[in-house]
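Worth saying up front: this structure is predicted, and the values here are computed from it rather than measured. Only heavy atoms go into these numbers, but all of them, side chains included; no hydrogens, no water, no symmetry mates. Residue indices begin at 1 and follow the sequence shown.
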Amino acid sequence: PEPPEFRVRIENTPKGTAVPSPIENVPVRFTRGVDGEYRGRVILSEAGSSRIEVSVKGENASRQIFADQAIFQAHVDLHE
């Protein structure tokens with residue numbers, strides 16, 4: 001089967017505010033490890049909290065179509 005299709009969207013809430021910025025589609029390169037798991041990296045550069053949504057869809061080895069989604073919360077403190 002073809003590699004799965006990943007989509008990453010991030011909603012940032014800058015430090016000192018309760019108003020989130022618009023949701024962004026973020027290009028992330030996912031690579032398949034020797035264990036068969038896919039991994040990608042998101043670098044957050046703004047202080048505040050972020051909601052990261054990762055969606056995936058594709059076809060497994062049995063040719064069955066699948067889709068899944070995970071949501072992560074992250075908090076960044078930048079010390080200057």
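Going from atom CD of Q73 over to atom CD of E11 covers 8.5 Å, rounded to the nearest 0.5 Å. To the nearest 0.5 Å, atom CD1 of residue I10 and atom OG of residue S50 are 6.5 Å apart. In this structure, OG in S49 is found 7.0 Å from NE2 in H75, a value given to the nearest 0.5 Å.
Hydrophobic clustering of Ile, Leu, Val, Met, Phe, Trp and Tyr side chains at less than 4.5 Å, counting indirect connections, keeps V8 apart from I23.
Side-chain atoms of S62 never come within 3.5 Å of backbone atoms of Q64 as a donor-acceptor pair (strictly under, hydrogens ignored).
Between V54 and V28, the closest side-chain pair of non-hydrogen atoms is not below 4.5 Å. Annotation: side chain of E2 is not in contact with side chain of E59 (no heavy-atom distance under 4.5 Å). Proximity of R51 to I71: side-chain heavy atoms (C-beta onward) are separated by under 4.5 Å at one or more points. Counting heavy atoms from C-beta outward, R7 and N25 have side chains that approach closer than 4.5 Å. Counting heavy atoms from C-beta on, the side chains of K15 and D77 come closer than 4.5 Å.
Of all heavy-atom pairs between L44 and I52, the closest is CD1-CD1, 4.2 Å. For Y38 against P4, the heavy-atom pair with the smallest separation is OH-CD, 3.3 Å. Here the closest heavy-atom approach between residue S55 and residue E53 is recorded as OG-OE2, 3.8 Å.
Taking the six-membered ring where tryptophan is involved, the planes of F6 and F30 are essentially parallel, since the angle between them stays under 30° and well short of 60°.
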